[in-house]
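Structure record follows, encoded as structure tokens.
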There are 2 protein chains.
Amino acid sequence: MIELSKAEFEVLDAVWINYPATASEVIARLSDDKEWHEKTIKTLLSRLVKKGALSFEKQGRQYNYTPCIAREEYTLKESQSFIERFFNGHIAPLVSGFAKSEQLSQHDIDELKKVIDDWEKQQK
Amino acid sequence: MIELSKAEFEVLDAVWINYPATASEVIARLSDDKEWHEKTIKTLLSRLVKKGALSFEKQGRQYNYTPCIAREEYTLKESQSFIERFFNGHIAPLVSGFAKSEQLSQHDIDELKKVIDDWEKQQK
DNA sequence: AATTTAAGATTACACGCGTAATCAATTAAT
DNA sequence: ATTAATTGATTACGCGTGTAATCTTAAATT
């Protein structure tokens with residue numbers, strides 16, 4: 001599995017919004033939430049390329065970056081390893097923890113029900 | 001929030017099994033799964049103390065370590081920040097990702113249903 | 001009493017990460 | 001044609017982490 005740092009993921013996340021994307025586009029997308037220096041973001045883009053999370057094509061003197069993995073794929077892998085580490089591979093205890101600490105809204109519950117519904121339909 | 005590294009968490013996890021626990025007990029508990037050197041584990045115990053995750057009492061020349069936080073409390077915080085980072089604070093998409101990739105067993109579904117049931121009962 | 005052992009304290013060290021600054025080269029502007 | 005600006009490449013640097021080795025001191029053994 002490609003291992004990304006927190007900051008690297010956030011940059012990749014900005015590319016996922018819409019790609020291919022140039023460095024300046026990524027910098028623009030991040031400028032609202034982050035106080036990162038332009039140079040910092042470019043460093044992170046390079047590291048993402050080096051790690052195989054981004055590819056690029058030259059367009060004049062700029063690069064057009066494209067993710068090498070889908071967001072869903074990456075977050076699934078991360079979720080698996082998270083749940084493995086903290087809950088021995090079982091997802092229910094995580095949800096249960098949220099429930100106990102009153103972190104769940106009716107909306108969350110509805111969404112969860114739908115997930116379960118869909119799962120059961122698909123079983124048949 | 002106390003920030004623990006992966007290795008630190010695994011050592012703390014071995015203390016949570018049963019405490020107070022001496023260094024040798026922790027080392028013994030970890031020896032099955034891990035190839036860690038005894039010195040490595042002691043380093044991690046010290047770092048956990050320094051970070052305020054463990055406290056200890058002297059017992060002769062040994063220390064008796066006790067966690068300063070409950071496992072549930074720690075994993076809840078970690079889960080929150082994980083779900084915030086990857087799923088914008090919503091838990092259902094995580095579960096949904098598992099479902100789509102066929103990571104859910106009937107048993108998981110049953111447990112999730114129970115969590116939902118309990119939540120709804122408690123709402124009334 | 002002297003010596004060995006063992007526990008925790010201190011030190012070590014390379015690598016990844018956050019956070020840029022500087023360098024080199026090419027394009028845009030004058 | 002020069003010069004200025006901008007892009008990606010390279011270099012920097014302190015801190016955390018994984019992974020111990022060495023040091024110090026007190027207890028256990030002989």
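Every heavy atom of this structure was used, including side-chain atoms; hydrogens, water molecules and symmetry mates were not. A, B, ... follow the sequence lines: proteins, then strands. Residue 1 opens every chain.
Within the 4.0 Å cut-off from OP1 or OP2 of C/dT10, not a single side-chain nitrogen or oxygen of B/S46 is found. Within the structure, a side-chain polar atom (N or O) of B/W36 is placed less than 4.0 Å from OP1 or OP2 of D/dT19. The side chain of A/T40 places an N or O atom within less than 4.0 Å of a non-bridging phosphate oxygen (OP1 or OP2) of C/dA20. Residue B/K42 places at least one side-chain N or O under 4.0 Å from the OP1 or OP2 atom of C/dA7. At D/dA12, none of the side-chain N or O atoms of A/K39 fall inside 4.0 Å of OP1 or OP2 (strictly under the cut-off). Look at A/S5 and you'll find a side-chain N or O under 4.0 angstrom from OP1 or OP2 of C/dG18.
Between A/K6 and A/E10 no salt bridge is recorded (no basic side-chain N to carboxylate O distance below 4.0 Å). Salt-bridge formation is not detected for the pair B/K50/B/E8: no Lys NZ or Arg NE/NH1/NH2 atom is positioned less than 4.0 Å from an Asp or Glu carboxylate oxygen. A salt bridge does not link A/D110 to A/K114: none of the charged side-chain nitrogens sits closer than 4.0 Å to a carboxylate oxygen.
Looking at heavy-atom distances under 4.0 Å, B/K50 makes no contact with the nucleic acid at all. Nucleic acid contact for A/T43: base, since at least one base atom lies under 4.0 Å from a heavy atom of the residue. Using a 4.0 Å heavy-atom cutoff across all strands shown, B/K34 reaches no nucleic acid atom at all.
Residues B/F82 and A/F86 keep their aromatic ring centres 6.0 Å or farther apart.
Within the model, atoms CD of B/E78 and CD of B/E73 stand 12.0 Å from one another, a figure rounded to the nearest 0.5 Å.
With the nearest nucleotide of DNA chain C identified for both A/K6 and B/S24, B/S24 has the one nearer the 5' end. Taking the nucleotide of DNA chain C with the nearest heavy atom to each of B/N64 and A/E35, the more 5' of the two is matched to B/N64.
Rounded to whole Å, atom C1' of C/dC17 lies 17 Å from atom CD1 of A/I2. Taking atom CG of residue A/L45 and atom P of nucleotide C/dG18, one finds them 13 Å apart after rounding to whole Å. Atom OH of B/Y63 is separated from atom C1' of C/dA9 by 8 Å (rounded to the nearest Å). Note: CD1 (A/I41) to C1' (C/dA21) measures 16 Å, nearest angstrom. Distance CD (A/E38) to C1' (C/dT19): 13 Å, rounded to an integer number of Å. In this structure, B/E10 atom CD and D/dT17 atom P are separated by 14 Å, rounded to whole Å.
Taking every side-chain heavy atom of B/A23 into account, C/dG8 is the closest of C/dC17, C/dA20, C/dG8.
Judged by distance alone, with hydrogens and angles left aside, A/R47 brings a side-chain donor or acceptor within reach of the base of C/dT19, the pair sitting under 3.5 Å. For C/dA6, its base sits under 3.5 Å from the side chain of B/R61 at one donor and acceptor pair at least.
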